[in-house]
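Comments concern the structure below.
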Amino acid sequence: MSDRRSFLKFSVLTSALLASGKNLFAHSHGEPKITIPSSKDSPIVISTWDFGKAANAAAWEVLKRNGRALDAVETGVKIPEADPTNQSVGLGGRPDRDGHVTLDACIMDEKGNCGSVACLEHIVHPISVARNVMENTKHVMLVGEGALQFALANGFHKENLLTAKSEQEWKEWLKESKYEPHKNIENEPYRKGKDGKAGDKNNHDTIGMVALDANGDLSGACTTSGMAYKMRGRVGDSPIIGAGLFVDNEVGAATSTGVGEEVIRIVGSHLVVELMRQGLNPEQACKKAVERIAARSTPEKLKDTQVGFLALNKKGEFGGFALQTGFSFAVKNGNEEKVYEAKSLFN
Ligand code: SD4
């Protein structure tokens with residue numbers, strides 16, 4: 001059956017079921033389980049930071065045609081990955097302290113399948129390599145040389161990801177060689193533009209994106225060049241399933257940004273999803289996870305740390321929460337296209 005015909009059949013079926021007030025197709029063995037989204041706001045896509053807006057727009061092109069959330073999130077995050085002016089994701093990302101741009105990414109679908117690459121060099125779209133790992137290997141995660149080998153064997157091309165701007169900034173950094181994880185806290189000097197005003201749009205972090213499609217299925221993707229000037233071989237939370245991203249199609253999906261070490265310690269995104277399972281709404285769940293990080297830290301350390309969580313539940317409700325001010329997230333559905341400032345524990 002053609003895609004269009006199956007979609008028409010699906011639409012007629014879903015309209016009838018919605019009219020009858022039923023929320024779920026009964027299904028027997030071998031038949032696909034089709035959940036009708038209970039929110040009038042689905043499909044929906046949300047992603048971290050204000051640069052998420054452009055990524056959401058690309059994802060929306062897939063979602064609005066009743067495409068799969070998995071395709072939407074991959075398509076969406078490829079936008080910042082390919083943008084050389086974005087210095088925290090993909091091409092143009094800031095390098096490690098030895099000058100290598102090393103990328104971390106993961107992806108997860110509605111069936112709990114997942115794929116991930118860490119410390120991958122020379123490939124513009126690590127998210128697509130992660131999807132390849134998920135779909136074409138028996139593994140979840142490939143790292144470093146092995147991940148590159150796999151990418152090259154699967155049609156990806158080797159490219160230089162270090163742009164002149166990132167290289168020049170790295171050389172400046174080398175003069176003092178002082179590693180300070182980016183905080184991405186409002187009014188931090190590094191977020192200021194050339195005019196000295198806060199909010200340089202080029203200074204952002206990881207993109208984490210989660211989406212709910214017209215079929216009621218959730219998927220997520222997360223991709224980053226990680227903390228600038230990190231140690232060679234350092235891997236953050238972003239490619240770690242459960243830390244930087246987690247999807248449970250019964251409950252919701254969550255993703256994170258900020259200092260990855262803090263997120264890994266509490267397996268943050270999995271925690272957020274489990275908190276939603278216990279009945280918290282997305283913002284409350286993100287807040288609880290942030291509070292857990294705070295409870296395990298010291299005021300001195302927290303002052304220099306930013307972590308933000310973003311979550312979407314099965315009903316299409318969304319929310320985010322951060323340790324510090326300055327964390328924004330972008331939302332796109334049939335009704336709105338908006339960037340929200342997340343609430344935070346500290347001001
Ligand atoms: C990491 N979480 O590598 C990523 C980077 C990031 O704000 O989001 N920084 O730890």
Side-chain angles (χ1 to χ4, degrees), residues 46-52 55 77 80-81 86-90 92-97 100-107 116-121 126-127 130 141 143-144 161 166 179-186 188 190-191 200-210 220-246 254-272 286 289-290 293 297 301-310 320-330 342 344:
I46 64 174
S47 58
T48 53
W49 306 110
D50 42 12
F51 67 54
V77 303
E81 280 186 341
N86 184 320
Q87 291 181 280
S88 50
V89 182
R94 293 189 180 86
D96 66 13
R97 65 186 189 182
H100 307 277
V101 180
T102 68
L103 306 177
D104 293 342
C106 74
I107 194 160
S116 158
V117 287
C119 211
L120 172 63
E121 294 179 52
I127 198 65
M141 192 165 191
V143 306
L161 304 182
S166 287
Y179 176 68
E180 277 174 341
H182 274 173
K183 286 181 273 188
N184 226 343
I185 297 166
E186 207 168 35
E188 281 302 306
Y190 90 98
R191 280 196 84 191
D200 178 347
K201 299 289 183 256
N202 290 332
N203 279 322
H204 279 291
D205 294 281
T206 302
I207 184 154
M209 175 181 278
V210 291
C222 186
T223 175
T224 189
S225 51
M227 305 306 285
Y229 320 132
K230 59 198 173 185
M231 284 176 72
R232 178 114 179 98
R234 180 267 187 189
V235 170
D237 58 323
S238 306
I240 313 279
I241 297 294
L245 177 75
F246 196 71
T255 187
S256 65
T257 181
V259 179
E261 283 75 4
E262 299 300 328
V263 178
I264 292 171
R265 281 186 190 110
I266 63 155
V267 199
S269 293
H270 183 260
L271 175 61
V272 171
C286 292
V290 166
I293 289 175
S297 196
K301 200 171 158 202
L302 284 177
K303 170 167 79 60
D304 289 326
T305 304
Q306 175 64 307
V307 171
F309 288 106
L310 183 58
F321 202 86
L323 259 175
Q324 318 276 355
T325 53
F327 172 47
S328 58
F329 59 92
S344 57

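Just so you know, ligand 1 is whichever comes first in the structure, and atom 1 is the first atom listed for that ligand.
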(request) Closest by any non-hydrogen atom to atom 6 (C) of ligand 1: pick that one out of D104, V263, T206. (result) T206
(request) Taking T48 for its side chain and T206 for its backbone only, find out whether a donor-acceptor pair lies under 3.5 Å. (result) yes
(message) Show the nearest heavy-atom pair for residues C106 and I241, with the distance to one decimal.
(response) SG-CD1, 3.7 Å
(request) Taking only heavy atoms of D205 into account, list the atoms of ligand 1 that are under 4.0 Å away from them. (result) 6 (C), 7 (O), 8 (O), 9 (N)
(request) With heavy atoms of G226 as the reference, note each atom of ligand 1 found under 4.0 Å away. (result) 3 (O)
(message) Please report the interatomic distance CD1(I127) to SG(C222), rounded to the nearest 0.5 Å.
(response) 7.5 Å
(request) Before signing off on this row, confirm whether G260 and ligand 1 have an N or O atom pair separated by under 3.5 Å. (result) yes
(message) With a heavy-atom distance limit of 4.0 Å, tell me whether R234 approaches ligand 1 through its side chain, its backbone, both, or neither.
(response) side chain
(message) Could you tell me, atom by atom, which parts of ligand 1 come under 4.0 Å of a heavy atom of S238?
(response) 2 (N), 4 (C)
(message) I'd like to know if the side chain of S256 pairs up with that of D237 as donor and acceptor (distance under 3.5 Å, no hydrogens or angles considered).
(response) yes
(request) Using distance alone, determine whether V259 and ligand 1 share an N or O pair under 3.5 Å. (result) no
(request) Supply the atom-to-atom distance D205 CG to W49 CH2, rounded to the nearest 0.5 angstrom. (result) 5.0 Å
(request) Could you tell me which atoms of ligand 1, counted from 1 in the order shown, lie closer than 4.0 angstrom to a heavy atom of M227? (result) 1 (C), 3 (O), 5 (C), 9 (N), 10 (O)
(request) Give yes if a backbone or side-chain nitrogen or oxygen of T224 is under 3.5 Å from a nitrogen or oxygen of ligand 1, and no if not. (result) no
(request) Give the atoms of ligand 1, by number and element, whose distance to some non-hydrogen atom of D237 is under 4.0 Å. (result) 1 (C), 2 (N), 4 (C), 10 (O)
(message) Assess whether a salt bridge exists between E261 and R234, defined as any Lys/Arg side-chain N lying under 4.0 Å from an Asp/Glu carboxylate O.
(response) yes
(request) Determine yes or no for a side-chain-to-main-chain donor-acceptor pair under 3.5 angstrom, with T224 supplying the side chain and S88 the backbone. (result) yes
